Amino acid sequence: MTFDRLWDDLAAVGREKSTGGYRRYAWTPADAALREWFAGQAAARGLGLVVDRAGNQWAWWGDPDASGPGVVIGSHLDSVPDGGAFDGPLGVVSALLAVDALRAAGVAPSRPVGVVHFGDEEGARFGVACAGSRMVTGALARDRALGLRDGDGTSMGEAMAAAGHDTAHTGRDSETLRRIGCFVELHVEQGRGLAGLSRPVGVGTGIWPHGRWRMEFAGQANHAGTTRLEDRRDPMLDYAAAVLRARELAEKHGVLATCGKVTVEPNGVNAIPSRVRGWLDARGADAGAVRALVAELSAGRDVSEESWTPATPFDTGLSDRCAAVLGDAPRLASGAGHDAGVLAQAGIPAAMLFVRNPTGVSHSPAEFAERDDCLRGVDALTAVVTDLVAGRTA
Ligand SMILES: [Zn+2]
């Protein structure tokens with residue numbers, strides 16, 4: 001089975017004609033089609049398909065209980081609203097092709113090899129990213145997960161049941177976790193770290209520390225046509241100043257700051273707002289620098305922390321091994337979250353391979369990677385797995 005064939009299979013699933021982007025959300029018909037596709041790929045290869053308690057699919061080559069724990073590769077298939085074709089699917093397609101390549105080369109693995117399709121990685125429907133991996137590791141509790149609601153008020157539990165997934169045992173799945181000796185996720189790069197290099201595949205060092213903060217600005221609602229400028233208490237101006245200040249501080253501290261969500265009351269064109277609430281996403285290589293930005297931005301403002309995730313380093317031994325197998329591959333940190341990060345936080349040795357993205361654009365229909373680079377990614381993943389299953393060192 002070739003890369004082009006698998007890529008073509010997926011091309012139409014969940015694609016929005018008007019934008020050319022993908023809308024593959026958890027527990028929808030598009031998601032069901034992706035799950036059916038994955039199951040078909042497992043069956044075509046004679047791999048043993050297991051659906052875990054969080055709804056993730058695992059295709060095993062070899063008995064994961066008899067000679068494990070296994071080497072697991074794979075990624076996700078869902079998307080953000082109008083996402084690109086590569087974010088997620090490239091890792092799953094590459095993993096299936098790596099299994100094919102190992103078999104074609106006559107490799108007899110010393111331990112089982114698993115291909116995983118993590119569900120609901122983007123959190124586009126229920127608002128929690130990496131929901132599938134967080135649920136299986138227990139980082140996302142069963143009750144909270146099942147109670148999450150989408151924009152229409154449908155809970156995740158209802159959506160799972162409607163999609164034919166039994167939720168009676170949904171939650172952390174220690175049996176599944178026990179089967180994972182290590183996890184290597186291949187992913188399209190979502191920045192331009194490799195774009196200027198002659199190497200199409202890099203090895204991840206870890207995921208940046210990142211957080212979300214809520215900023216509150218209070219004012220006084222009043223008439224847009226009758227209130228003199230000097231009489232106004234307009235919180236939109238304070239919010240605007242905070243957005244500009246966040247940008248200035250991001251440059252000063254060498255980190256990233258994004259104000260991408262805002263709510264306004266009463267939200268009328270002809271009304272001075274009474275209240276503005278804005279959110280800040282801040283992240284960077286250095287946690288101290290991110291903290292410094294938030295501290296300076298908070299001076300004289302009402303800013304409260306909604307979430308903070310410390311830096312997640314990938315397993316050093318495993319990452320070094322990947323880089324060595326790939327001939328001293330370039331290393332790069334990820335500013336985006338991934339299932340590999342969730343597994344790493346759960347104590348599972350995890351590593352990532354990134355495939356060059358010439359523009360760095362991601363979460364967009366314009367997301368792209370050269371076909372040759374994708375094929376080199378498959379080769380890289382194949383080489384890594386070949387090394388990991390050749391002999392058991394631990
Ligand atoms: Zn992704």
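We count ligands from 1, going down the list as the structure has it; atoms in each ligand are counted the same way. Fair warning: this is a prediction, and the values are worked out from it, not measured in the lab.
Note on ring orientation: taking the six-membered ring where Trp is involved, the planes of H165 and W27 are tilted (angle from 30° to 60°).
Side-chain contact of H363 with D82: a donor-acceptor pair under 3.5 Å is absent, judged by distance alone.
Checked against salt bridge (Lys or Arg N to Asp or Glu O under 4.0 Å), R24 has no partners two or more places apart in sequence or in another chain.
Shown are the protein N/O/S atoms under 2.8 Å from the Zn ion (ligand 1), given by residue and atom: H76 NE2, D87 OD1, H187 NE2.
Using a 4.0 Å cut-off between charged nitrogen and carboxylate oxygen, E230 and R232 do not count as a salt-bridge pair.
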Residues 336-350, side-chain donor-acceptor partners within the protein, below 3.5 Å, at least two apart:
from: H338; atom 1: NE2; to: S334; atom 2: OG; distance (Å): 3.3
from: D339; atom 1: OD1; to: S133; atom 2: OG; distance (Å): 2.6
from: Q345; atom 1: NE2; to: T312; atom 2: OG1; distance (Å): 3.0

Show me the donor-acceptor pairs, under 3.5 Å and distance only, between side chains in residues 376-383 and residues at least two apart or in other chains.
from: T382; atom 1: OG1; to: V378; atom 2: O; distance (Å): 2.7

